[in-house]
Amino acid sequence: MKFQSTRGTDRVSLSDALRRGIAPDGGLYVPEYFPKFATGDADETAFQELARMALAPFFEGDELEHRLGAIVDEAFDFPVPLVDLGQTTSLLELFHGPSAAFKDFGARFLASAMTRLESGEAKPLTILVATSGDTGGAVASAFWRKPGIDVVVLYPDGKVSARQAHQLACWGDNVRTFAVEGVFDDCQRMVKEAFASEAWNNAFRLSSANSINIGRLLPQMTYYAASSLWYQARHGVAPGFVIPSGNVGNATAAVWAREMGFPVREIVFATNANQPLVRWLQTGVYAPEPSIATLANAMDVGAPSNMERLLHLHAAPTDWMRGVSVSDDAIRATIAAGEETWDQVFCPHTACAMAARQHVGGEHWICVSTAHPAKFDTVVEPLVGHPVAVPAALGALLQRPANATTIPAELSMLWEQLTHH
Ligand SMILES: *Cc1c(COP(=O)(O)O)cnc(C)c1O
């Protein structure tokens with residue numbers, strides 16, 4: 001299997017696509033084709049085994065081919081429950097990893113794969129991550145103490161929740177965290193400037209761990225593969241998925257799982273008040289816009305980077321895709337009613353999926369739960385009227401001392417910190 005750029009004819013191995021992150025022509029790597037998976041009944045205990053089977057064709061012929069089993073076992077060392085909320089709605093809980101958000105799947109898989117690629121290099125790999133909250137925590141946790149890899153996290157000072165900030169800055173060793181005096185766009189600009197700078201590229205071996213990397217997309221297919229088979233085994237029909245979407249990496253992975261022949265009936269893209277994706281699904285016209293701040297802040301994206309992958313595969317929306325945009329008021333109402341309606345406390349992102357599920361009606365939906373509500377305690381607790389218990393892994397992180405260095409939003413200030421301290 002080779003991977004090609006969405007913008008041209010560049011054709012590389014999986015390992016090279018992982019190393020590069022973005023293609024030299026500025027495009028994103030996608031598989032050359034989607035192998036068809038012969039689906040049968042699936043044992044629910046076998047998530048890791050299903051993950052290996054779903055990913056094996058993409059690793060065929062690559063230098064990592066014989067490491068896939070070890071990568072899966074190391075990266076996916078937490079449960080992936082599919083909880084039936086009633087006869088026709090289930091919840092796929094993707095928040096049981098160390099950072100309590102689904103980004104653990106992609107970040108941990110990428111870390112496990114990259115460590116196996118990197119052995120033998122003299123200069124460490126420096127991974128620069130700009131984060132609006134969740135990605136940085138998952139990436140820092142995944143790469144912490146991995147040999148031969150340094151991580152530099154930039155987040156906007158004062159713009160993430162207190163628990164998110166703690167999770168970004170509680171690492172040490174090979175992870176350094178900077179609170180940038182600016183907004184998320186400043187952090188992203190600094191990272192882009194570093195990648196474009198000769199001085200930076202001479203001093204460091206730079207790489208990226210954001211969702212443009214194919215190494216974060218592929219592992220996200222595995223839970224759609226597994227849960228669609230589990231649902232079909234339990235209920236005798238193929239489920240549809242309702243997926244909280246921002247940069248559309250998670251939902252693109254669901255589309256890919258469907259291309260492989262896993263029993264995915266249809267896909268609902270649930271967004272917050274940021275509309276470009278839903279407008280494309282409704283009108284066929286895609287027009288990015290500046291992002292709007294909402295309660296579901298990990299989905300505050302006006303120009304989703306993975307649209308390029310989606311449009312490459314389907315230039316127009318298909319009849320099995322739908323979009324629903326959810327307002328902050330509807331997010332609040334869904335969280336407030338969650339315990340009475342579904343016996344669940346939802347994070348604001350998952351609440352978008354639950355609100356969209358109510359909107360589309362019908363039967364046999366799997367709603368995707370992307371984060372644990374305790375990560376967003378300041379939004380969720382006033383709405384449900386009681387404290388939300390913190391999961392053990394997140395609790396352990398919150399016990400650790402946190403240490404971020406505050407810097408002005410200038411790349412030269414980061415250079416100063418990394419080269420002189
Ligand atoms: C990142 C994130 C999303 C959005 O996922 P995309 O792949 O960017 O569409 C949704 N929910 C949570 C909790 C997230 O951290």
Side-chain angles (χ1 to χ4, degrees), residues 28 91-110 129-142 155 160-161 163-164 167-168 184 188 209-221 223-224 241-257 267-274 276-278 280-281 291 294-310 321 323-326 331 335 346-356 367-377 379-380 391 394:
L28 307 187
L91 196 65
L92 180 61
E93 294 184 354
L94 301 181
F95 55 72
H96 294 278
S99 81
F102 86 92
K103 302 229 168 43
D104 284 325
F105 284 87
R108 290 177 66 77
F109 193 88
L110 184 66
V129 203
T131 184
S132 58
D134 278 343
T135 296
V139 168
S141 154
Y155 75 90
V160 304
S161 81
R163 282 184 178 166
Q164 282 176 320
Q167 211 179 28
L168 292 169
F184 171 64
Q188 206 155 32
N210 61 20
S211 71
I212 57 172
N213 196 308
I214 186 82
R216 281 188 51 190
L217 257 284
L218 291 176
Q220 292 174 2
M221 291 171 51
Y223 43 77
Y224 295 109
F241 282 89
V242 189
I243 306 171
S245 296
N247 253 329
V248 203
N250 202 6
T252 298
V255 171
W256 288 3
I267 295 173
V268 173
F269 299 70
T271 70
N272 55 26
N274 288 275
L277 169 67
V278 168
W280 174 68
L281 288 159
S291 66
T294 75
L295 291 174
N297 63 3
M299 291 157 47
D300 290 349
V301 183
S305 51
N306 283 292
M307 275 310 284
E308 181 154 343
R309 286 190 168 111
L310 202 54
M321 296 177 181
V324 179
S325 166
V326 178
I331 291 174
I335 295 172
F346 300 117
C347 89
H349 313 82
T350 308
C352 291
M354 298 312 298
C367 297
V368 176
S369 181
T370 49
H372 193 283
K375 275 192 97 164
F376 303 92
D377 52 321
V379 175
V380 172
L394 182 58

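For ligands, and for the atoms within them, numbers begin at 1 and follow the listed sequence.
In this structure the side chain of Cys367 never reaches within 4.5 angstrom of the side chain of Thr350, judged on heavy atoms.
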Apply side chain to side chain donor-acceptor pair (under 3.5 Å) to Asn306 and Arg309, showing your working.
CA-CA 5 Å; Asn306 283 292; Arg309 286 190 168 111; 2.7 Å; yes

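With respect to Phe269, the side chain to side chain contact (heavy atoms under 4.5 Å, CB included) criterion is satisfied by exactly one of Val324, Asn250, Thr252, Leu310: Leu310.
Proximity of a side-chain donor or acceptor of Arg216 to a complementary backbone N or O of Ala209 within less than 3.5 Å is detected.
In this structure, Asn247 and Ala303 approach most closely via the heavy-atom pair OD1-O, 4.2 Å.
With sequence neighbours excluded, the residues that form a side chain to side chain contact (heavy atoms under 4.5 Å, CB included) with Asp300 are Asn272, Asn274, Ala293, Thr294, Asn297.
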Could you tell me, for ligand 1, which of its N or O atoms are under 3.5 Å from any protein N or O, listing the pairs and their distances rounded to 0.1 Å?
unit_1, atom_1, unit_2, atom_2, d
ligand 1, 7 (O), Gly249, N, 3.1
ligand 1, 7 (O), Asn250, N, 2.9
ligand 1, 8 (O), Asn247, N, 2.8
ligand 1, 9 (O), Gly246, N, 2.7
ligand 1, 9 (O), Asn247, N, 3.3
ligand 1, 9 (O), Val248, N, 2.8
ligand 1, 11 (N), Thr370, OG1, 2.8
ligand 1, 15 (O), Lys103, NZ, 2.5
ligand 1, 15 (O), Asp134, OD2, 2.8

